[in-house]
2 protein chains.
Amino acid sequence: MEEQKNVRRRGDDLLESLYEVTMKLMEEIKPTNITFQQIAEAAKTSRSVLYRRWPTTFDLLQDIYTYKAQRLFDGDFLDEMKDTGSLRGDFIQFLNFYQQMYKEIGAEVLNNYFYLRMQDKENNKEPVVHTAALDKYIRAMETILEKAQSRGEEVKKVSKATLMLPFDMIRMENLVRPDNISNKRLESMVDEVLLPVFKV
Amino acid sequence: MEEQKNVRRRGDDLLESLYEVTMKLMEEIKPTNITFQQIAEAAKTSRSVLYRRWPTTFDLLQDIYTYKAQRLFDGDFLDEMKDTGSLRGDFIQFLNFYQQMYKEIGAEVLNNYFYLRMQDKENNKEPVVHTAALDKYIRAMETILEKAQSRGEEVKKVSKATLMLPFDMIRMENLVRPDNISNKRLESMVDEVLLPVFKV
DNA sequence: TGCATTAGGATACAATTTGTATCTTATTAA
DNA sequence: TTAATAAGATACAAATTGTATCCTAATGCA
């Protein structure tokens, strides 16, 4: 017997509320063990609402993290990049932007997003968010390297996979050593890795 | 009404069977949606057996992937490393070993392992596997670099975090671009990244 | 303003799953 | 050989699932 549910919301309001409630529930209950029943109760809505949208909790989780990641990548933080006058400075700024991005939405969101995407590879859902973010990233990297060139700092020609190195490194740090990302660490990533790799 | 279950196994036999069955089930059913009922039936055993060991499916999954990762890192593949005569050759051999490791057990195992560890960070379980593997790795890297030194190939002094780069890169490749790891890619990782980073 | 459409919410129901408890019995170790 | 151990069967109430049907508030369009 489901009690009176009095809040009545529609569309995005409802959706965001469901996302929030689910995220909050996951602070106590592990994603593997969460149920639609619990979510419906906590969100003060009916299970029908959930089943109309998602066949299983897994699909709900996928949507949650895709939504969060989308908002993240849609941000225009890269537009705010300035020419710092040196490749080193540009790299540090670049890493700082991405690190900021991880901090704002939380490393867990991004890590979960990437993980759930991977679990679903057989379904081959369109990785819209992912590719959009990658395009943005690649363009930013190319700009940085071109500016260095025109500034007189000679730059190496690298493969596309290697061009992903800064992005990969930030991701790895947030996945494996999330508590350990200081400004000093970002600088050492630039001085010990990025500059030797990209600068002649 | 549970039907007659005739297979009777104990200890590790039983445990490994449960792991295998669960892994196999997960090829069809997402980890979030799997049930003890299904596992017990597929494994031809009783739910009691499962509940005695794990309170929830999440805990079972954690044990599965920890076990798999453990077996992986326990391997003595690093002992088989030869002196190839050059830092470049040693790096390529080194990456090849780790890549082999990922292939044998499957990249998904390690990815799941890291994911479940992340989800459990508040519990702060001892990351036994992780640190043991790291020690092994660090020692191998130091050996490689020392050999290069004594060979006359000058080597840079880097931070401990940067010393993780080869390991991180293999992990990242398997996480993000698992279908794309050719010998050629491994060589480009050495030529475009590792040598510029570690060699003077 | 009024009316049709849309979508949230309540309820019901059978089937499945959960968590726990109790009992039997094959296997192990002493 | 016997006692301890652990696997397996069964039962049961509570919770969850998946689906279907009905009601009604909000929306949009004429």
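Naming convention: chains lettered A, B, ... in sequence-line order (proteins, then strands); numbering from 1 in each chain.
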Using whole Å, what does the distance between atom [atom2] of nucleotide [N] and atom [atom1] of [X] come to?
X       : N      : atom1 : atom2 : answer
A/Arg53 : D/dG18 : CZ    : C1'   : 17 Å
B/Lys44 : D/dA7  : NZ    : C1'   : 16 Å
B/Trp54 : C/dT17 : CH2   : P     : 18 Å
A/Leu50 : D/dT19 : CG    : C1'   : 14 Å
B/Leu15 : D/dA6  : CG    : P     : 13 Å
A/Gln38 : C/dT18 : CD    : P     : 12 Å
B/Tyr51 : D/dA7  : OH    : P     : 17 Å
B/Asp13 : D/dG8  : CG    : C1'   : 16 Å

[X], nearest nucleotide to its side chain (from [options]):
X       : options               : answer
A/Arg8  : C/dA7, D/dT10, C/dT18 : C/dA7
A/Ser48 : C/dT6, D/dG18, C/dT11 : C/dT11
A/Leu14 : D/dA25, C/dG9, C/dT28 : C/dG9
A/Ser46 : C/dT18, C/dT11, D/dA6 : C/dT11
A/Val49 : D/dA7, C/dA21, C/dG9  : C/dG9

Residue closer to the 5' end of DNA chain C, A/Gly11 versus B/Thr35 (nearest nucleotide): A/Gly11
Short side-chain N/O contact to C/dG9 OP1/OP2 from A/Thr45, under 4.0 Å: yes
Distance-only donor-acceptor test (3.5 Å): side chain B/Arg47, base C/dT17: no
Polar pair under 3.5 Å, donor/acceptor by atom type, side chain B/Arg10, base D/dT5: yes
Ion pair A/Glu154/A/Lys199, N-O distance below 4.0 Å: no
A/Arg88/A/Glu187 ion pair, N-O < 4.0 Å: yes
Which residue lies more 5' along DNA chain D, comparing B/Arg52 with A/Thr56 via nearest heavy atoms: B/Arg52
Validation row, ring centre A/Phe94 to ring centre A/Tyr98 under 6.0 Å: yes
Face-on cation placement of B/Lys30 at A/Phe58 ring, 6.0 Å and 45° thresholds: yes
Matching residue for B/Phe167 among B/Tyr102, B/Phe97, B/Tyr137 - test: ring pair (Phe, Tyr, Trp, His ring centres under 6.0 Å): B/Tyr137
